[in-house]
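Below is one structure, written out as structure tokens; the observations come after it.
The analysis underlying the following values was restricted to heavy atoms, covering all of them including side chains, and did not include hydrogens, waters or symmetry mates.
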Amino acid sequence: MGSSGMEDLSSCRLEGKGEYSLPTETRYEGEMKDGMFHGQGTLYFPNGSKYEAQWDSGIALEGKYTFADGLQYETEKWRYCDGYDRRFYTEICNGLKPAGRSQLTNLDPPRQIPEGCYDCGDGFYDPVSRVVNDYQHRFLRNADDDEHEWIIRTCRKGWDEVTGYKAKH
């Protein structure tokens with residue numbers, strides 16, 4: 001303890017098995033050495049997914065990613081959402097809905113998107129403020145021009161729009 005009554009923590013390093021929470025609410029559980037992920041450990045992400053890996057001085061040597069719905073990513077022979085089978089993972093597991101009832105996202109029912117916003121996968125995007133907030137409405141990031149264009153072009157929006165043929169008057 002120093003004269004201020006506070007312990008000098010500059011030389012403290014995380015060692016052994018433990019848990020570490022990052023400011024992004026991602027949590028690591030596993031082995032650590034010299035303040036880094038080292039050995040067997042798992043990163044748990046706020047969206048419910050996880051990455052289990054063998055770590056060496058903070059670098060993942062090999063691991064597997066599991067999505068929040070239980071789908072495991074495969075680097076070889078990836079069969080989910082390929083050119084032949086475009087079903088959502090929940091449709092593969094639970095079957096297709098009857099004719100006339102579409103499933104819009106892997107999450108069924110889909111999230112309610114705030115008016116004027118887009119669902120960009122890790123939160124809601126407001127194209128006016130160009131801010132992405134997580135699904136609990138906490139700030140994640142500002143979108144740059146490339147991300148803005150990608151979201152506008154690709155992601156589900158929170159309003160209906162008439163599409164198709166429009167007669168010229």
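- Listed for the Gln40 side chain is a donor-acceptor partner under 3.5 Å among the backbone atoms of Ala53.
- By the 4.0 Å N-to-carboxylate-O rule, Arg138 lies close enough to Glu25 to be salt-bridged with it.
- Counting heavy atoms from C-beta outward, Asp134 and Asp122 have side chains that stay 4.5 Å or more apart.
- Taking all atoms of both residues into account, the shortest heavy-atom contact from His137 to Pro114 is CE1-CG, 4.3 Å.
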Review point. What's the verdict on side chain to side chain contact (heavy atoms under 4.5 Å, CB included) for Leu43 and Lys50, showing C-alpha distance, side-chain angles and the deciding distance?
Key: CA-CA 6 Å; Leu43 282 169; Lys50 66 181 177 179; over 6 Å; no

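- Between Tyr28 and Trp55, the ring planes lie perpendicular to each other; the angle is over 60°, past the 30° to 60° tilted range.
- You'll find the side chain of Pro127 reaches within 4.5 Å of the side chain of Ile152, heavy atoms only.
- Residues Arg141 and Glu147 are paired through a salt bridge, judged by an N-O separation under 4.0 Å between the basic side chain and the carboxylate.
- By the salt bridge (Lys or Arg N to Asp or Glu O under 4.0 Å) test, Arg156 is found to be paired with no residue, residues two or more places apart in sequence or in another chain being considered.
- Taking the side chain as every heavy atom from C-beta outward, Ile59 and His38 never approach each other to under 4.5 Å.
- Residues Trp159 and Glu115 approach most closely at CB-OE2, 3.5 Å, considering heavy atoms.
- Around the CD atom of Gln136, the shell of radius 6.0 Å holds more than 12 heavy atoms that belong to other residues, nucleotides or ligands.
- Judged by distance alone, the side chains of Tyr65 and Ser49 do bring a donor and an acceptor atom under 3.5 Å apart.
- Ring-centre distance between Tyr73 and Phe67: not below the 6.0 Å cut-off.
- A donor-acceptor pair is defined here as one N or O able to donate and one able to accept, closer than 3.5 Å; such a pair exists between the side chain of Tyr135 and the backbone of Gly121.
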Check your understanding: Taking it one step at a time, do Asp145 and Arg130 satisfy side chain to side chain contact (heavy atoms under 4.5 Å, CB included)?
Key -> CA-CA 9 Å; Asp145 291 341; Arg130 298 183 83 148; 2.9 Å; yes

Review point. Going through the checks in order, is the side chain to side chain contact (heavy atoms under 4.5 Å, CB included) test met by Tyr44 and Thr26?
Key: CA-CA 6 Å; Tyr44 294 94; Thr26 297; over 6 Å; no

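- Remark: the backbone N or O of Phe124 is not paired with any side-chain donor or acceptor of Asn133 at under 3.5 angstrom.
- When every heavy atom of Ser57 is checked against every heavy atom of Met36, the shortest pair comes out as O-SD, 3.4 Å.
- Contact check for Val132 versus Cys120: side-chain heavy atoms found under the 4.5 Å cut-off.
- Between Asp119 and Cys155, every side-chain heavy-atom pair lies at or beyond the 4.5 Å cut-off.
- Note that CG of Asp34 and CZ of Phe37 are 13.5 Å apart. Values are rounded to the nearest 0.5 Å.
- Between Tyr51 and Lys64 there is no side-chain heavy-atom pair separated by less than 4.5 Å.
- Not one N or O on the side chain of His148 forms a donor-acceptor pair closer than 3.5 Å with the backbone of Ala143.
- Both the sub-6.0 Å distance and the 45° axial angle are not jointly satisfied by Arg27 relative to the ring of Tyr20.
- Side-chain atoms of Glu19 never come within 3.5 Å of backbone atoms of Glu29 as a donor-acceptor pair (strictly under, hydrogens ignored).
- Side-chain contact, Tyr118 with Asp126: no donor N or O sits under 3.5 Å from an acceptor N or O.
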